[in-house]
Amino acid sequence: LYIFQRKAILTNLMQRRLQVAMPGNFGLHSGIIINLNVPKFSYKETDGESLDKTLSGKYIISGTRHIIRFDKHETFIEVCTDRIED
């Protein structure tokens, strides 16, 4: 039964994706579940909240890329979720 639902599950998971740039961290790799707190993209704080509730939450890392230069190390991660807003 799961085999027939696999394509629908993966399609639903990949509907909401974010790309995040972070300081270098080799501990981040595909398959890890992380909790993202995304700030609001406005200058004014409404009702005392500074986090965007529609984008914040648990995500799974679907891909990573490490950029290593002589002066810094950056990790770019792509995360996705199947969460539906309340």
Side-chain angles (χ1 to χ4, degrees):
L1 182 67
Y2 175 76
I3 294 172
F4 299 116
Q5 296 173 348
R6 183 176 188 273
K7 184 176 180 181
I9 291 170
L10 290 176
T11 302
N12 188 28
L13 178 66
M14 298 304 270
Q15 290 298 312
R16 172 169 293 165
R17 290 186 286 181
L18 296 173
Q19 293 180 351
V20 181
M22 303 183 65
N25 184 351
F26 287 115
L28 296 175
H29 54 83
S30 298
I32 292 180
I33 306 263
I34 61 171
N35 190 19
L36 282 182
N37 294 321
V38 180
K40 287 188 177 179
F41 294 107
S42 65
Y43 292 107
K44 296 180 182 178
E45 285 188 22
T46 55
D47 63 11
E49 296 273 336
S50 62
L51 295 179
D52 188 350
K53 290 182 180 180
T54 61
L55 291 176
S56 297
K58 290 186 178 183
Y59 286 83
I60 186 168
I61 298 177
S62 60
T64 58
R65 185 177 66 209
H66 296 277
I67 306 294
I68 302 172
R69 298 188 181 109
F70 68 93
D71 60 341
K72 69 177 174 178
H73 172 205
E74 288 181 304
T75 301
F76 294 92
I77 60 173
E78 183 172 289
V79 295
C80 54
T81 186
D82 61 353
R83 179 177 173 266
I84 300 172
E85 296 89 32
D86 301 273

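Keep in mind the model is a prediction, meaning the values are calculated, not measured. Atom set for the values below is all heavy atoms of this structure, side chains included, hydrogens, waters and symmetry mates excluded.
The minimum heavy-atom distance between G57 and N35, with the atom names listed, is O-OD1, 3.1 Å.
Side-chain atoms of V79 and I60, non-hydrogen and from C-beta on, never get closer than 4.5 Å to each other.
Counting side-chain heavy-atom gaps under 4.5 Å among Ile, Leu, Val, Met, Phe, Trp and Tyr, M14 is found in no cluster with other residues.
Annotation: salt bridge (Lys or Arg N to Asp or Glu O under 4.0 Å) contacts involving residues 17-34, sequence neighbours excluded, comprise R17-E78.
Salt bridge absent: E74 and R65 never bring a charged side-chain N and a carboxylate O closer than 4.0 Å.
Taken from CD1 in I32 to OG in S62, the straight-line distance is 12.5 Å, to the nearest 0.5 Å. Taking OH of Y59 as the start and CG of L36 as the end, the distance is 6.0 Å to the nearest 0.5 Å. A distance of 8.5 Å separates CD1 of I77 from OG1 of T64, quoted to the nearest 0.5 Å.
For H73, the ring pair (Phe, Tyr, Trp, His ring centres under 6.0 Å) partners at least two apart in sequence or on another chain are F26, H66.
Using a distance-only test at 3.5 Å, with no hydrogens or angles considered, no donor-acceptor pair links the side chain of T75 to the main chain of M22. Using modelled atom types, one side-chain atom of T81 and one backbone atom of K58 make a donor-acceptor pair closer than 3.5 Å.
Neither I61 nor F76 shares a network with the other; the hydrophobic side chains, linked directly or stepwise wherever heavy atoms of I, L, V, M, F, W or Y lie under 4.5 Å apart, form separate groups for each.
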